[in-house]
Amino acid sequence: RPDGTFLKRERGGVLSVAYNPTDKYKVGFSYYFGENDEITHHYFGPFGILGFSEKLFLLAQVNSARSWFYTDPGANWGLVDYLRLDYEMIKGLHIFVTQELAQSNLKVGTTRRDIFSLGMQFFPRPHWEFQTLWQKMYSGGVRGTPEDRLMLFAHFYP
């Protein structure tokens with residue numbers, strides 16, 4: 001953010017390569033490099049968009065994460081994933097479930113976060129989107145006490 005120079009802004013870039021074996025499937029590989037004054041990140045891994053039918057699809061991405069803090073000579077290996085199973089009930093109205101995992105250091109269990117979501121997304125007309133999302137977030141793994149979240153979004157795209 002240009003207005004928040006005190007924030008730790010990260011600079012970096014992305015490389016993504018994809019292949020469409022059919023008009024309903026896309027598979028690929030992505031790589032992200034980012035750094036700021038304290039840390040360097042590398043995220044890389046496969047992704048896919050699998051269209052099972054005209055109304056049902058799966059988004060999937062799994063990334064290895066390697067991070068170096070400038071104050072620590074050793075690197076941390078982590079894991080990040082995102083899965084979304086989506087069904088379009090009627091034109092413009094989607095219901096979906098998601099599963100997310102993020103663990104910045106595979107050697108430290110307390111860095112793990114699991115999120116399970118149930119959501120609805122509505123596109124009533126071009127340039128408009130409304131979304132409701134209910135999440136269960138587990139910090140330190142799924143054995144912990146979950147945190148519940150309810151989010152409501154409204155977007156207008158000019």
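Just so it is clear, the values below take in all heavy atoms, side chains as well, and ignore hydrogens, waters and symmetry mates. Note that the coordinates shown come from a computational prediction; the quantities given were computed from them, not determined experimentally.
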Sequence neighbours left out, what passes ring-ring contact (aromatic ring centres under 6.0 Å, His included) with F33? Give chain and number order.
H42
Which value, rounded to the nearest 0.5 Å, describes the distance between S104 atom OG and R113 atom CZ?
9.5 Å
Side-chain donor-acceptor distances from residues 73-83 under 3.5 Å, at least two apart:
unit_1	atom_1	unit_2	atom_2	d
N76	OD1	N105	ND2	3.2
D81	OD1	Q99	NE2	3.3
D81	OD1	L101	N	2.8

Could you state whether V14 and F47 fall into the same hydrophobic cluster, counting links through intermediate Ile, Leu, Val, Met, Phe, Trp or Tyr residues with side-chain heavy atoms under 4.5 angstrom apart?
no
Under 6.0 Å from the CZ atom of R125, do we count more than 12 heavy atoms belonging to anything else shown?
no
Same cluster for I95 and L118 if Ile/Leu/Val/Met/Phe/Trp/Tyr side chains link at under 4.5 Å?
yes
How long is the span from the OH atom in Y43 to the OH atom in Y32, to the nearest 0.5 Å?
7.5 Å
Quick one: are I49 and Y25 in side-chain contact, heavy atoms under 4.5 Å?
no
Residues at least two apart in sequence or cross-chain that pass salt bridge (charged side-chain N to carboxylate O under 4.0 Å, His left out) with D86, listed by chain then number, are R84
Please report the C-alpha distance between F96 and E88 in whole Å, then the side-chain angles of each, then the deciding distance to 0.1 Å, and finally whether the side-chain contact (heavy atoms from CB on, under 4.5 Å) criterion is met.
CA-CA 9 Å; F96 60 89; E88 185 178 31; over 6 Å; no
Review item, side-chain donor-acceptor pairs of residues 149-158, under 3.5 Å, at least two apart:
unit_1	atom_1	unit_2	atom_2	d
R149	NE	E147	OE2	3.4
R149	NH1	Q135	OE1	3.4
H155	ND1	E129	OE1	3.3
H155	ND1	Y157	OH	3.3
Y157	OH	E129	OE1	2.5

Before you tell me yes or no, could you show the steps for F122 and H94 under side-chain contact (heavy atoms from CB on, under 4.5 Å), namely the whole-Å CA-CA distance, both residues' side-chain angles and the distance that decides it to 0.1 Å?
CA-CA 6 Å; F122 182 47; H94 295 252; over 6 Å; no
Could you work out, with salt bridge (charged side-chain N to carboxylate O under 4.0 Å, His left out) as the rule, every residue matching D23, not counting sequence neighbours?
none
Just so I know, are the side chains of K136 and I115 near enough to count as touching, which here means a heavy-atom distance under 4.5 Å?
no
Take Q61 and S30 through the side-chain contact (heavy atoms from CB on, under 4.5 Å) test and state the conclusion after the steps.
CA-CA 9 Å; Q61 182 165 1; S30 62; 3.4 Å; yes
Would F57 and Y87 count as a side-chain contact (heavy atoms from CB on, under 4.5 Å) if you check the C-alpha gap in whole Å, the side-chain angles of each, and the deciding distance to 0.1 Å?
CA-CA 7 Å; F57 66 89; Y87 180 74; over 6 Å; no
Calculate, to the nearest 0.5 Å, the distance between atoms CZ and CG belonging to F29 and L15 respectively.
8.5 Å
Is F69 isolated, or which residues cluster with it under the ILVMFWY side-chain rule of less than 4.5 Å, directly or via members?
I39
Nearest 0.5 Å, please: how far is OG1 in T145 from CE in M137?
12.0 Å
Side-chain heavy atoms nearer than 4.5 Å, only ILVMFWY residues, links allowed to pass through others: does that put V108 and L106 together?
no
Report yes if some heavy atom in the side chain of L50 is under 4.5 Å from a heavy atom in the side chain of F52; otherwise report no.
yes
Side chain N36, main chain R9, donor-acceptor under 3.5 Å:
no
